[in-house]
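These notes concern the structure reproduced below.
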Amino acid sequence: MKTVLKLEEAALFILGIFLFNRLNYEWWWFLALILAPDLSMIGYAFGNKTGAFLYNIFHHKGIALLIYAAGCYLSIEMVQLAGIILFSHSAMDRIFGYGLKYEKGFKYTHLGEIGK
């Protein structure tokens with residue numbers, strides 16, 4: 001992945017940290033939850049199609065932003081936290097080259113094949 005894209009994702013990750021800082025949660029919550037969206041990989045136990053679908057739901061930045069916006073609109077910090085964690089995790093994954101998955105298998109992403 002190109003350096004410019006990695007820098008963009010790093011900036012988005014920093015934005016996620018900034019938004020988290022505005023919530024009334026201790027910092028350990030961010031550290032404890034940042035890898036939680038990867039639990040969606042359990043979907044691969046039911047096949048590539050199900051795995052890719054679940055993984056993409058939990059790693060889609062648009063969905064993360066909708067959840068965060070719903071939390072802001074409803075004034076529910078826990079929902080805001082969920083959106084921030086999903087958004088930050090997705091940015092972090094993309095820094096390391098993990099993108100949204102294709103149904104061919106886990107290593108096939110919109111950023112290219114993992115491990116090439």
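Residue numbers start at 1 and run along the sequence shown.
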Original post:
Are Ile57 and Ile63 side-chain neighbours, meaning at least one heavy-atom pair lies under 4.5 Å?
Top reply: yes

Original post:
Between Leu33 and Leu39, is there a shared hydrophobic cluster once you connect ILVMFWY residues whose side-chain heavy atoms come closer than 4.5 Å?
Top reply: no

Subject >> Where Ser88 and Gly16 come nearest, the two heavy atoms and their spacing >> reply: OG-CA, 3.3 Å

Original post:
Has the side chain of Gln80 got a donor or acceptor atom that lies under 3.5 Å from a matching backbone atom of Leu23?
Top reply: no

Original post:
In terms of hydrophobic clustering (I, L, V, M, F, W, Y; side-chain heavy atoms under 4.5 Å; direct or indirect links), are Leu86 and Ile42 co-clustered?
Top reply: no

**OP:** Could you walk me through whether Leu54 and Met41 pass side-chain contact (heavy atoms from CB on, under 4.5 Å), step by step?
**Re:** CA-CA 7 Å; Leu54 284 176; Met41 288 188 287; over 6 Å; no

Original post:
Can you name the nearest heavy-atom pair linking Ile67 to Val79, along with the distance?
Top reply: O-CG1, 3.3 Å

Original post:
Does any pair with a residue in residues 96-111 pass side-chain hydrogen bond (donor to acceptor under 3.5 Å, both in side chains), and if so which ones, sequence neighbours excluded?
Top reply: Lys107-Glu113

Subject >> Minimum heavy-atom distance between Phe13 and Ala91, given as atom pair plus value >> reply: N-CB, 3.8 Å

Original post:
Counting distance only, does the side-chain N/O of His89 pair as donor-acceptor with the main-chain N or O of Ile34 below 3.5 Å?
Top reply: yes

Original post:
Nearest 0.5 Å, what's the CG-CD1 distance between Leu81 and Ile76?
Top reply: 12.5 Å

Original post:
How about Tyr25 and Phe20: do any of their side-chain heavy atoms sit closer than 4.5 Å?
Top reply: yes

Subject >> Residues forming a ring-ring contact (aromatic ring centres under 6.0 Å, His included) with Phe58, sequence neighbours excluded >> reply: none

Original post:
With side chains defined as the heavy atoms from C-beta onward, is the minimum distance between Leu5 and Glu8 less than 4.5 Å?
Top reply: yes

**OP:** Would you give the length of the straight line joining atom CD1 of Ile84 to atom CG of Leu65, rounded to the nearest 0.5 angstrom?
**Re:** 10.0 Å

Original post:
Can you find a pair of side-chain heavy atoms, one from Ile17 and one from Trp27, that are under 4.5 Å apart?
Top reply: yes

Subject >> Arg94 and Leu100, any side-chain heavy atoms less than 4.5 Å apart >> reply: yes

Original post:
Quick one: ring-ring contact (aromatic ring centres under 6.0 Å, His included) partners of Phe87, sequence neighbours excluded?
Top reply: none

Subject >> Under 3.5 Å: donor-acceptor pair, side chain of Ser40, backbone of Pro37 >> reply: yes

Original post:
ring-ring contact (aromatic ring centres under 6.0 Å, His included) with Trp28: which residues, sequence neighbours excluded?
Top reply: none

Original post:
So which pairs with a foot in residues 60-69 pass side-chain hydrogen bond (donor to acceptor under 3.5 Å, both in side chains), sequence neighbours left out?
Top reply: Glu9-Lys61

Original post:
Does Phe106 have any ring-ring contact (aromatic ring centres under 6.0 Å, His included) partners at least two apart in sequence or in another chain, and if so, which?
Top reply: Tyr44, Tyr55

